[in-house]
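Every number for a ligand or one of its atoms is a count from 1 in the order of the listing.
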Amino acid sequence: MAPGELALGGNYRLLSKLEARGVALWLVVSEKRAAVVCCFTGIFKEVDVLFPLLCCKWRDMEWCVSMPKIELHAHLNGSIRDSTLLYAELSNLAVSFHSFSANTTESTFSWELARELGEKGSIVFSDVEHVILKSDRALNEVFKMFDLIHIITTDHKTVARITKEVIEDFAADNVVYLELRTTPKRNDSKAMSKRSYVEAVLEGIRSVNSVEVDLSGELKTDAFAHSHSVDGLRNGIGSKKIYVRLLLSIDRRETTEAAMETVELAVELKDFGVVGIDLCGNPNVGQWLTFLPALEFAKKQGLPITLHCGEVPNPVEIRAMLDFLPKRIGHACCLEDEDWKLLKRLEIPVEICLTSNIKTETIASADVHHFADLYKPNHPLILCTDDTGVFSTSLSAEYALASSAFGLGKREMFQLAQKAVDFIFASGRVNEDLKAIFASAHTRLNLWTRVPLEVGTRGTMGSLVKREIDYFRKVELELAETSSQERPSRWVGFRFSMSNWKRKKRRRRSNGICSVVEVVHGDRLNDIPGFGYLNLKVDSQRYDV
Ligand SMILES: CNc1ncnc2c1ncn2[C@@H]1O[C@H](COP(=O)(O)O)[C@@H](O)[C@H]1O
């Protein structure tokens, strides 16, 4: 049986096959999906390949990558590279089916994972098996997937490694400012406390060496045992730079005490790159009142807060969350009319995660997504990824998807990315730096709007020519007045005027302002949104200039 049929149950075309270290990979495509199917010890697994790519043109995607972007809603453990996770997952699956040799690193890793699975007891392999094997997971299934990911990733070394990789991946996607969020976890079997978890994350950030990382402008190296200046990391590194800040998440499964511990940790690490608090986790679990004391404490301490709000219908909680006045909210998928109006009145910025919402079936498809309802009236919103690894996406892919689903042009996409600067939690010079980065990208990407002149209205060809004639007259008069020796002949005056006019014309053209042959009028549409003009360049011979 072909791997496509077996794992995906559809009619897939095989693009290529690769075998490495006992793992067979097939790249398959159908009209609706592109996937990698892997076979390891007889088990087939599919991994989606940038789903949004199917909805947009490759050219649009390339352009979106070239644009600087700001990511404000990305979960660390949801953004793990497929390759990193796949290897761990496949090793994990192998344990369930095969005995292993304790001599190899791979099997030792598998053995560790298997032991943890057994010890923890909260996950039975048969419970998660089907979740691992499928690609589109409903919201509840996604959280089962996270439980599995956490078992695989939660030791200091792995936490540092995945953090490093996630930052490298965002930087490669031209994300210039990343607010990465993660839930500090206690794991006694790994001697891990919430604090040591965050230290491992910070260590991972500092270990990035393929790109310059700005973690915090105000590092107090003597106050934090494990911190060291990022300046050292800047030596010999290329020109790319990414600002990274952390949000500490409270998981909805946590108690008030555990939530409070997270907020206290965030307060303590304020000067070391932690800039805010997030409330996340399975929206069908936990009560708002459980987290409220910790969130209120965070607010009092001046920590900005973002809440996962309205991922499922829960009007009472949604209203309480909006009344709390968070600095931002994530998702906002299931708001009733009154709450929708309140959200808009309060102008709370919304972190929009298109692919995540569609893949978890929270929203049926991109074209009915509430993005448009927020975008049109200019409500503050930020395009984000949520979980690049789990949902096989990237920030560029989210922009490309928004572009194809809602008809955003390059300028609109750029403005959307640039506007996100206003909603970051980092304070101080970062905001100014980002504005400068976007200003220079605006020029690099040639996004200046050419304002054409229209024949027959304000700034017409007629008025332009009249201004030229007035100018020539003035020059001739001045020449006549200043020359006491000889009155210039009409010919001399004309020559002078012509060359001057040409200089003026060149200067204006190089400034991107209208010249006579570039004057346009309104019959044929050109490519400037909002304008419909005929470019006279091609017809210039017909005009006697
Ligand atoms: C699908 N949309 C979502 N809604 C709510 N919470 C989500 C989420 N996606 C991820 N998380 C939260 O982030 C954790 C994984 O990253 P960290 O271990 O914290 O780095 C998940 O366990 C979940 O609590």
Asks: With a 4.0 Å heavy-atom cut-off (strictly under), which part of Thr182 contacts ligand 1: side chain, backbone, both or neither?
Replies: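 It is both parts that get close, each with some atom under 4.0 Å.
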Asks: Could you check whether any side-chain N or O of Arg186 sits under 3.5 Å from a backbone N or O of Tyr197, counting only pairs where one atom can act as donor and the other as acceptor?
Replies: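 Such a contact is absent between Arg186 side chain and Tyr197 backbone.
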Asks: Under 4.0 Å from ligand 1, counting heavy atoms only, is it the side chain of Asp251, its backbone, both or neither?
Replies: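 For Asp251, the contact with ligand 1 is made by the side chain alone.
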Asks: Say whether, by atom type as modelled, one donor and one acceptor occur between the side chain of Lys69 and the main chain of Cys64 under 3.5 angstrom.
Replies: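 Side chain of Lys69 to backbone of Cys64, a donor-acceptor pair under 3.5 Å: yes, one is there.
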Asks: Under 3.5 Å, side chain of His370 to main-chain N/O of His331, donor-acceptor pair present?
Replies: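 Answer holds: yes.
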Asks: Using a 4.0 Å cutoff against the non-hydrogen atoms of Asn77, which atoms of ligand 1 qualify?
Replies: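 Checking each atom against Asn77, I get 15 (C), 16 (O), 17 (P), 18 (O), 20 (O).
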Asks: So for ligand 1, is Phe143 a polar contact partner (N or O within less than 3.5 Å, distance only)?
Replies: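 Between Phe143 and ligand 1 (N or O atoms, distance only) the closest approach is not under 3.5 Å.
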Asks: Enumerate the atoms of ligand 1 whose separation from the nearest heavy atom of His75 is less than 4.0 angstrom.
Replies: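 Every atom of ligand 1 under 4.0 Å from some heavy atom of His75: 7 (C), 8 (C), 9 (N), 10 (C), 11 (N), 12 (C), 13 (O), 16 (O).
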Asks: Is it the case that the side chain of Arg252 and the backbone of Gly281 share a donor-acceptor pair, with hydrogens and angles ignored and the cut-off at 3.5 Å?
Replies: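 No.
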Asks: What about Asn282: any of its N or O atoms under 3.5 Å from an N or O on ligand 1?
Replies: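 No - when backbone and side-chain N and O of Asn282 are compared with those of ligand 1, no distance drops under 3.5 Å.
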Asks: For Ile363, does its backbone N or O pair with a side-chain atom of Asn357 as donor and acceptor, under 3.5 Å?
Replies: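 Side chain of Asn357 to backbone of Ile363, a donor-acceptor pair under 3.5 Å: no, none is there.
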Asks: For Lys185 and Met192, indicate whether the former's side chain and the latter's backbone hold a donor-acceptor pair under 3.5 Å.
Replies: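 Side chain of Lys185 to backbone of Met192, a donor-acceptor pair under 3.5 Å: no, none is there.
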Asks: Which residue is it: Glu257, Glu254, Glu199? I am looking for the one with a salt bridge (Lys or Arg N to Asp or Glu O under 4.0 Å) to Lys194.
Replies: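 Testing Lys194 for a salt bridge (Lys or Arg N to Asp or Glu O under 4.0 Å) against Glu257, Glu254, Glu199 leaves exactly one candidate, Glu254.
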Asks: Can you tell me which residue and heavy atom of the protein come closest to atom 6 (N) of ligand 1, and the distance to 0.1 Å?
Replies: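 Ranked first by proximity to atom 6 (N) of ligand 1 is Gly281 N, 3.0 Å.
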Asks: Under 4.0 Å, counting heavy atoms only: does Arg252 come that close to any atom of ligand 1?
Replies: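 Contact check Arg252 vs ligand 1: negative.
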Asks: Report the relative orientation of the aromatic rings in Phe146 and Phe143; use parallel for angles under 30°, tilted for 30 to 60°, perpendicular for over 60°.
Replies: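 The arrangement is tilted - the two ring planes meet at 30° to 60°.
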Asks: Could you check which of Phe391, Tyr197, Phe146 puts a non-hydrogen atom nearest to atom 10 (C) of ligand 1?
Replies: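 That would be Phe146.
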Asks: Hey, is the main chain of Thr290 close enough, under 3.5 Å, to the side chain of Thr256 for a donor-acceptor pair?
Replies: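 Judged by distance alone, yes, a pair lies under 3.5 Å.
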Asks: So which protein heavy atom does atom 22 (O) of ligand 1 come closest to, and at what separation?
Replies: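 The closest one turns out to be His150 CE1, 3.1 Å.
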Asks: Under 4.0 Å, heavy atoms only, figure out whether ligand 1 is touched by the backbone of Asp386, its side chain, both or neither.
Replies: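 Contact part for Asp386 vs ligand 1: side chain (C-beta onward).
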Asks: Mark up the atoms of ligand 1 that fall under 4.0 Å of a heavy atom belonging to His308, in ascending order.
Replies: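 Those of ligand 1 that fall under 4.0 Å from His308 are 4 (N), 5 (C), 6 (N).
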Asks: Side chain or backbone, does Glu311 bring an N or O within less than 3.5 Å of an N or O on ligand 1?
Replies: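 Looking only at distances, the answer is yes, because the N/O contact criterion of under 3.5 Å is met.
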Asks: Atom 9 (N) of ligand 1: which protein heavy atom is closest, and how many Å away?
Replies: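 Going by distance alone, atom 9 (N) of ligand 1 is nearest to Asp387 OD2, 2.8 Å.
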Asks: Heavy-atom distance under 4.5 Å between the side chains of Ile277 and Phe425, does that happen here?
Replies: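 A side-chain contact is absent here, since even the closest heavy-atom pair is not under 4.5 Å.
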Asks: List every atom of ligand 1 that sits less than 4.0 Å from any heavy atom of Leu76, numbering the atoms from 1 in the order shown and giving each element.
Replies: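 Answer for ligand 1: 20 (O).
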Asks: Looking only at protein heavy atoms, identify the closest one to atom 19 (O) of ligand 1 and say how far it is in Å.
Replies: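 Result: Thr183 OG1, 2.6 Å.
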Asks: Look only at interatomic distance and state if Arg253 has a nitrogen or oxygen under 3.5 Å from any nitrogen or oxygen of ligand 1.
Replies: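 No; every N/O pair is 3.5 Å or more apart.
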Asks: Testing Glu179, Arg328, Glu351 one by one against His73 for a side-chain hydrogen bond (donor to acceptor under 3.5 Å, both in side chains), which residue passes?
Replies: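 Considering Glu179, Arg328, Glu351, a side-chain hydrogen bond (donor to acceptor under 3.5 Å, both in side chains) with His73 is found only for Glu351.
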Asks: Ligand 1 and Thr360, any nitrogen or oxygen pair closer than 3.5 angstrom?
Replies: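 For ligand 1, there is no N or O atom that lies under 3.5 Å from one belonging to Thr360.
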